[in-house]
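Report on one structure; see the data block that follows.
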Amino acid sequence: MAEKITARSVDYSQWYIDIVLNAKLADYSPVKGCMVIRPRGYAIWERLRGELDRRFKETGHQNAYFPMFIPMSFLQKEAEHVEGFSPELAVVTHGGGEKLEEPLVVRPTSETIIWSKYRDWIQSWRDLPLLYNQWANVVRWEKRTRLFLRTAEFLWQEGHTAHETKAEAEAETAQMLEVYRKFAEEYLCLPVIAGRKSDSEKFAGAVETYSIEAMMQDKKALQAGTSHFLGQNFAKAFDVQYQTREGSLDYVWASSWGVSTRLIGAIIMTHSDDKGLVLPPSLAQDELVIVPIFKSDNKASVMEYANKAFGLFKAEGLRVVIDSDDSQSPGWKFAEWEMRGVPIRVEAGPKDVASASVVMVRRDSGEKVQVKLEEAPAMAKELLKRMQKELLEKARTFREANTKDVRNMDDILAFYGKEIVAKNQPADDGESHEGTSEAKGGFARGLWCGSRDCEARLKAELKVTIRNLPSGMQDNCSGACCLCGASAKHMAIFARSY
RNA sequence: CGGGCUGUAGCGCAGUGGCUAGCGCGCUUGGUUCGGGACCAAGAGAUCGGAGGUUCAAAUCCUCUCAGCCCGACCA
């Protein structure tokens with residue numbers, strides 16, 4: 001018996017860690033809170049990044065790169081921004097053996113350094129819009145970290161755009177949220193709810209923040225991406241004015257938006273099972289693995305057959321790998337490739353050679369089919385296509401099954417449980433029950449009055465927060481706030497979250 | 001920053017005062033296996049997180065310290 005994965009039902013947190021470590025996606029680093037992304041994890045990031053980058057270019061954006069060091073004073077130019085980020089800054093005080101005149105912040109996000117340059121680059125309405133994106137690492141000194149979901153340093157992309165009008169900047173904010181939503185659903189098989197954040201949850205320095213929210217298998221919410229309408233806040237902080245078509249001066253309107261390596265955590269937590277990683281085919285480095293099954297006396301013929309199959313898949317443009325290692329048994333390999341999340345396993349043994357066929361097994365459903373070798377590539381494509389579709393459907397079904405409409409506090413209490421299950425309390429038997437509490441509830445959908453107090457009280461009592469105010473559901477929000485009974489203004493999605 | 005747990009071979013662990021620190025997995029070599037995590041044999045691999053102390057004797061007891069993980073508050 002080799003690596004073992006803790007079952008989700010036993011300890012969801014431990015299950016997640018086991019998947020990340022055993023599937024060799026990432027590892028801990030010598031520096032607390034940081035992570036090493038291993039080749040198999042990085043391969044997922046590369047594919048994800050490639051597709052997202054394509055979609056950014058398609059919507060008219062260009063990539064650029066800004067330095068990771070930002071003068072401390074830049075952060076201080078926008079009041080809310082500095083307030084929001086200062087607790088988690090990493091600061092460089094020395095360079096070249098000497099104390100720096102002004103400390104440098106390792107970027108937690110790049111609005112400030114980018115807007116300091118936008119000031120130089122924007123004079124006229126003819127210079128607008130600027131639609132820039134950068135792929136970079138950022139550092140936020142988090143107290144509490146978790147592989148992929150929250151690390152002190154993480155990889156992301158941050159789009160920073162500058163516009164002539166408010167409407168244009170708002171349209172950009174909405175457009176990018178939609179790019180994220182479609183990307184999450186089509187490519188990552190991650191059903192998400194797009195909507196606006198409440199004031200207390202919005203980005204430090206934004207006028208409005210929008211997010212896409214996904215539900216993990218423990219029914220907790222994960223913010224999978226954000227798009228911010230920044231108004232003229234950064235333009236004012238960095239004095240970025242342009243001459244309008246009418247000849248007057250006005251501040252530039254802005255948006256910023258980002259997704260990070262956290263998405264990898266979202267994918268794991270949404271699709272994987274107790275056997276290991278389950279990946280959407282779109283993201284898998286290898287779509288198929290061929291496992292030849294041979295004994296010493298038929299190795300040559302089986303390998304020849306397996307290689308032939310390999311060639312056929314390859315010729316059809318499929319990403320295929322062959323596991324010809326003869327020091328491991330087939331059973332070991334099956335388990336290992338399941339752990340790694342390869343979408344389809346192709347078994348080729350003496351029986352298959354004899355019948356000129358192969359056995360194909362889907363990673364997600366375990367569905368097994370035997371097909372003639374020449375039909376195998378077409379069947380593989382079909383299975384991959386179905387898997388991509390069904391992973392999304394399955395996740396959506398799960399989310400819907402765990403979403404409830406709530407009208408009042410009684411509904412909410414019934415849904416989430418009156419008491420928060422205490423974690424880490426040693427039980428009478430002395431055993432640790434760490435992390436075993438099943439998350440109750442899921443997404444609650446209900447009317448909200450818009451009061452910050454209501455929101456804060458709910459958070460304090462149940463650790464439930466407003467994830468967002470879903471787009472397309474904000475009309476006809478008349479009725480009573482499900483928290484306080486006052487007249488409601490919004491429809492909100494409530495959940496416990498990561 | 002609070003709470004809990006843990007530092008002994010690459011990994012997971014056992015060893016609660018006694019002289020040569022064990023076990024499983026993994027690794028190396030050779031052989032037999034091979035359709036759901038095979039087996040046999042022979043090997044390699046550790047100054048027991050660190051410092052100080054108690055003792056004839058310390059992985060084990062005491063003091064200090066460092067680190068990591070998980071949980072909580074804060075956050076993409």
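So you know, we letter chains A, B, ... as the sequences are listed, proteins then strands, and number each from 1.
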Of all the nucleotides listed ([options]), which has the minimum atom distance to the side chain of [X]?
X: A:Met339; options: B:rC70, B:rG35, B:rG37; result: B:rG37
X: A:Lys143; options: B:rA73, B:rG36, B:rU33; result: B:rA73
X: A:Trp332; options: B:rG36, B:rC34, B:rA38; result: B:rA38
X: A:Ala335; options: B:rC34, B:rC75, B:rG37; result: B:rG37
X: A:Lys459; options: B:rC34, B:rA76, B:rC74; result: B:rC74
X: A:Glu347; options: B:rA38, B:rC75, B:rG35; result: B:rG35

When rounded to the nearest Å, what value does the distance between [atom1] atoms of [N] and [M] take?
N: B:rU16; M: B:rG7; atom1: P; answer: 13 Å
N: B:rC25; M: B:rA38; atom1: P; answer: 12 Å
N: B:rC19; M: B:rA57; atom1: P; answer: 15 Å
N: B:rA58; M: B:rU47; atom1: C1'; answer: 14 Å
N: B:rA9; M: B:rG22; atom1: C1'; answer: 11 Å
N: B:rA73; M: B:rG2; atom1: C1'; answer: 9 Å

Worksheet item: For RNA chain B, what dot-bracket results from Watson-Crick or G-U pairs at under 3.5 Å, with [ ] for crossers and | for inter-strand partners?
Response: ((((((((.[[[[.)..(...]]]].((((((.....)))))).....[[[[[..)....]]]]])))))))....
Worksheet item: Are OP1 or OP2 of B:rA73 and a side-chain N or O of A:Lys463 less than 4.0 angstrom apart?
Response: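 For B:rA73, OP1 or OP2 has a side-chain N or O of A:Lys463 closer than 4.0 Å.
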Practice prompt. Output yes when at least one side-chain N/O atom of A:Ser329 is less than 4.0 Å from OP1 or OP2 of B:rC34, else no.
Written response: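 For A:Ser329, the contact criterion (side-chain N or O under 4.0 Å from OP1 or OP2 of B:rC34) is not met.
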Worksheet item: Could a donor-acceptor pair under 3.5 angstrom be found where the side chain of A:Glu338 meets the base of B:rG36?
Response: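 Such a pair exists between side chain and base.
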Worksheet item: What pairs with A:Phe203 under ring pair (Phe, Tyr, Trp, His ring centres under 6.0 Å), at least two apart in sequence or on another chain?
Response: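 With sequence neighbours excluded, A:Phe203 shows a ring pair (Phe, Tyr, Trp, His ring centres under 6.0 Å) to A:His81, A:Phe85, A:His228, given in chain and number order.
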Worksheet item: Residues two or more places apart in sequence or in another chain: which of them pass ring pair (Phe, Tyr, Trp, His ring centres under 6.0 Å) with A:Phe334?
Response: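 Counting only residues at least two positions away or on another chain, A:Phe334 forms no ring pair (Phe, Tyr, Trp, His ring centres under 6.0 Å).
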Side-chain donor-acceptor pair present, [X], [Y], cut-off under 3.5 Å:
X: A:His61; Y: A:Gln157; result: no
X: A:Ser110; Y: A:Gln134; result: yes
X: A:Arg8; Y: A:Gln217; result: yes
X: A:Ser451; Y: A:Asp453; result: no

Fill in: Per-pair stack call A:Tyr28 and B:rG68, 5.5 Å, 30°
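Whether judged by distance or by angle, A:Tyr28 falls short somewhere, so it does not stack on the base of B:rG68.
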Fill in: salt bridge (charged side-chain N to carboxylate O under 4.0 Å, His left out): pairs with one or both residues in residues 254-271 of chain A, sequence neighbours excluded
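Residue pairs with at least one partner in residues 254-271 of chain A: there are none.
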In whole angstrom, give the distance that lies between atom [atom1] of [X] and atom [atom2] of [N].
X: A:Asp18; N: B:rC25; atom1: CG; atom2: P; result: 20 Å
X: A:Phe334; N: B:rC34; atom1: CZ; atom2: C1'; result: 10 Å
X: A:Lys299; N: B:rU33; atom1: NZ; atom2: C1'; result: 13 Å

Worksheet item: Which residues in residues 173-206 of chain A have at least one heavy atom lying under 4.0 Å from any atom of RNA chain B?
Response: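 Here the set is empty: none.
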Fill in: Those residues of residues 280-294 of chain A lying under 4.0 Å from RNA chain B by at least one heavy atom
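When residues 280-294 of chain A is checked for heavy atoms under 4.0 Å from RNA chain B, the hits, listed by number, are A:Ile293, A:Phe294.
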Worksheet item: Among all residues two or more places apart in sequence or in another chain, which pass the side chain to side chain donor-acceptor pair (under 3.5 Å) test with A:Trp45?
Response: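 A:Trp45 satisfies side chain to side chain donor-acceptor pair (under 3.5 Å) with no residue once adjacent residues are dropped.
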Practice prompt. Taking side chain to side chain donor-acceptor pair (under 3.5 Å) as the test, write out the residues that go with A:Lys77, two or more places apart.
Written response: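 A:Lys77 satisfies side chain to side chain donor-acceptor pair (under 3.5 Å) with no residue once adjacent residues are dropped.
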Please name all residues satisfying salt bridge (Lys or Arg N to Asp or Glu O under 4.0 Å) with [X], sequence neighbours left out, ordered by chain then number.
X: A:Glu213; answer: A:Lys197, A:Arg467
X: A:Glu367; answer: A:Arg362, A:Arg386
X: A:Asp273; answer: A:Arg363

Classify [X] by what it touches in the nucleic acid, base, sugar-phosphate, or nothing, heavy-atom distance under 4.0 Å.
X: A:Glu142; result: base
X: A:Gln14; result: nothing
X: A:Thr261; result: nothing
X: A:Val359; result: base
X: A:Thr226; result: nothing

Got a list of side-chain donor-acceptor pairs under 3.5 Å for residues 184-192 of chain A, not counting sequence neighbours?
unit_1: A:Glu185; atom_1: OE1; unit_2: A:Arg181; atom_2: NH1; d: 3.1
unit_1: A:Glu185; atom_1: OE1; unit_2: A:Arg396; atom_2: NH2; d: 3.1
unit_1: A:Glu185; atom_1: OE2; unit_2: A:Val192; atom_2: N; d: 3.1
unit_1: A:Glu185; atom_1: OE2; unit_2: A:Arg396; atom_2: NH2; d: 3.4
unit_1: A:Glu186; atom_1: OE1; unit_2: A:Arg55; atom_2: NH1; d: 3.0
unit_1: A:Glu186; atom_1: OE1; unit_2: A:Arg55; atom_2: NH2; d: 3.0
unit_1: A:Tyr187; atom_1: OH; unit_2: A:Ser282; atom_2: O; d: 3.2

